[in-house]
Amino acid sequence: GDTHHRYQKLKTKNLPFTQADVQELPFKDKEFDFVYCSHVLEHVEDPAKAMDEISRVGKKGFIEVPARMSDIIFNMTRLKHFHKWYINKVGNKLIFIEYKQDELRDTGDKELFFMAHSFFTNAFKRMYRKNKDMFTHFHLWEDKIEYIVFNKDGQIIAKGE
């Protein structure tokens, strides 16, 4: 489907392709040896359901999500209905925190986003590429995904251990 993250039509090279909701995957338990999930979970309505589904269908996998710093520096918080959650990683747990309405605002600066994604080299792009781990959380998991989900009022609404 259409997304802010894809700039070209998805190319499947005639391989099998299934478009599905990550919160309700149409696959058998442990059907996949490895599941790759990149820049999806910050958008979903129910991250606990999504992570339970990912770990249900996969034996192990990799999750990549933007750090809160990335959302703020690149001014992603200005986009309506874009990121519902910011995610931290503590030990082997992913911590989901629902954005409050007053956190979803325009910083008034889009230049850092354009500098980081420029076709031309610049100091900010070099710093961003060298320090990707400051802007993105990388998470390898096996068997199940450990997580805690907080709503915008700070209450724990889901746990997976």
Side-chain angles (χ1 to χ4, degrees), residues 1-13 15 17 19-23 32-48 50-51 53-55 58 60-142 145-154 156-158 160:
D2 290 336
T3 173
H4 293 287
H5 292 292
R6 192 175 302 118
Y7 301 103
Q8 299 174 337
K9 185 174 168 36
L10 182 65
K11 296 176 184 169
T12 62
K13 297 185 181 182
L15 294 170
F17 178 77
Q19 184 172 335
D21 182 341
V22 70
Q23 299 164 115
F32 300 99
D33 291 330
F34 195 87
V35 176
Y36 178 85
C37 180
S38 178
H39 294 268
V40 172
L41 297 174
E42 62 274 16
H43 299 276
V44 300
E45 190 61 37
D46 187 341
M51 288 184 292
E53 275 295 275
I54 291 167
S55 60
K60 57 181 145 179
F62 173 81
I63 293 172
E64 181 176 329
V65 291
R68 186 169 189 214
M69 181 164 84
S70 179
D71 279 355
I72 293 167
I73 285 179
F74 295 134
N75 201 15
M76 295 301 184
T77 54
R78 80 185 191 286
L79 301 171
K80 294 214 182 296
H81 311 295
F82 195 58
H83 291 175
K84 182 174 172 71
W85 310 93
Y86 62 90
I87 300 119
N88 289 313
K89 184 175 176 185
V90 178
N92 203 37
K93 269 190 185 32
L94 292 175
I95 311 297
F96 287 76
I97 304 167
E98 186 177 16
Y99 271 111
K100 293 180 189 173
Q101 195 56 46
D102 65 342
E103 295 173 312
L104 297 171
R105 64 180 185 263
D106 192 333
T107 63
D109 191 329
K110 297 177 191 151
E111 285 77 13
L112 293 175
F113 175 85
F114 293 129
M115 288 172 70
H117 298 88
S118 173
F119 290 113
F120 305 103
T121 190
N122 61 65
F124 187 79
K125 182 176 181 175
R126 281 192 303 275
M127 183 278 303
Y128 172 63
R129 301 282 181 202
K130 282 189 213 171
N131 298 286
K132 200 71 165 137
D133 62 318
M134 293 175 71
F135 296 89
T136 309
H137 294 296
F138 307 105
H139 185 70
L140 285 169
W141 60 271
E142 192 165 340
I145 305 164
E146 294 184 41
Y147 61 85
I148 301 173
V149 181
F150 290 88
N151 68 11
K152 59 182 105 183
D153 297 320
I156 295 174
I157 56 174

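Being a predicted model, the structure only gives us computed values, none of them experimental.
Taking both residues in full, the closest heavy atoms of R129 and A116 are given as NH2-O, 3.6 Å, listed atom of the first, atom of the second, then distance. When all heavy atoms of N88 and H137 are compared, the pair lying nearest together is CA-NE2, 3.6 Å. Across all their heavy atoms, L94 and M51 have their closest contact at CD1-SD, 4.1 Å. D133 and F138 make their closest contact through CA-CE1, 3.9 Å (heavy atoms, listed as atom of the first residue, atom of the second, distance). Closest non-hydrogen pair, R126 versus T121, comes out as NH1-OG1, 3.3 Å. Scanning both residues, W85 and V44, for their nearest heavy atoms gives NE1-O, 2.8 Å.
Side-chain contact check for K125 versus F119: every heavy-atom pair is 4.5 Å or farther apart. F82 places none of its side-chain heavy atoms less than 4.5 Å from the side chain of L104. Proximity of D71 to Y99: side-chain heavy atoms (C-beta onward) are separated by under 4.5 Å at one or more points. The side-chain heavy atoms of V90 and I148, taken from C-beta on, include no pair separated by under 4.5 Å. Looking at heavy atoms from C-beta onward, V35 lies in side-chain contact with W141 at the 4.5 angstrom threshold.
Rounding to the nearest 0.5 Å gives a distance of 7.0 Å between CZ of R105 and OG1 of T77. With values rounded to the nearest 0.5 angstrom, K89 atom NZ is found 10.5 Å from E146 atom CD. Note that CG of L140 is 11.0 Å distant from CD1 of I145, once rounded to the nearest 0.5 Å. Taking CZ of F32 as the start and NZ of K60 as the end, the distance is 15.5 Å to the nearest 0.5 Å. Between the NE2 atom in H83 and the CG atom in L41 there is a gap of 11.0 Å [rounded to 0.5 Å]. Rounded to the nearest 0.5 Å, atoms OG1 (T107) and CE (M76) are 11.0 Å apart.
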Worksheet item: Passes side chain to side chain contact (heavy atoms under 4.5 Å, CB included), L112 versus F124? Steps please.
Response: CA-CA 7 Å; L112 293 175; F124 187 79; 3.8 Å; yes

Practice prompt. Give the intermediate values and the outcome of side chain to side chain contact (heavy atoms under 4.5 Å, CB included) for residues I63 and Y147.
Written response: CA-CA 12 Å; I63 293 172; Y147 61 85; over 6 Å; no

Discussion item. Test side chain to side chain contact (heavy atoms under 4.5 Å, CB included) on H139 and V65; report intermediate values, then the result.
Written reply: CA-CA 9 Å; H139 185 70; V65 291; over 6 Å; no

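No more than 12 heavy-atom neighbours from other residues, nucleotides or ligands sit within 6.0 angstrom of CE on M134. Environment of NZ in K84: crowded, with over 12 heavy atoms of neighbouring residues, nucleotides or ligands closer than 6.0 Å.
Proximity of the aromatic rings of F135 and Y128 is defined here by a centroid distance below 6.0 angstrom, and this criterion is met. Ring centers of F34 and F62: at least 6.0 Å apart, outside the cut-off.
Between K132 and E64, none of the side-chain N atoms (NZ, or NE/NH1/NH2) sits under 4.0 Å from a carboxylate O, so this pair counts as no salt bridge.
A distance-only check finds a donor-acceptor pair linking the side chain of Q23 to the backbone of D46 [under 3.5 Å].
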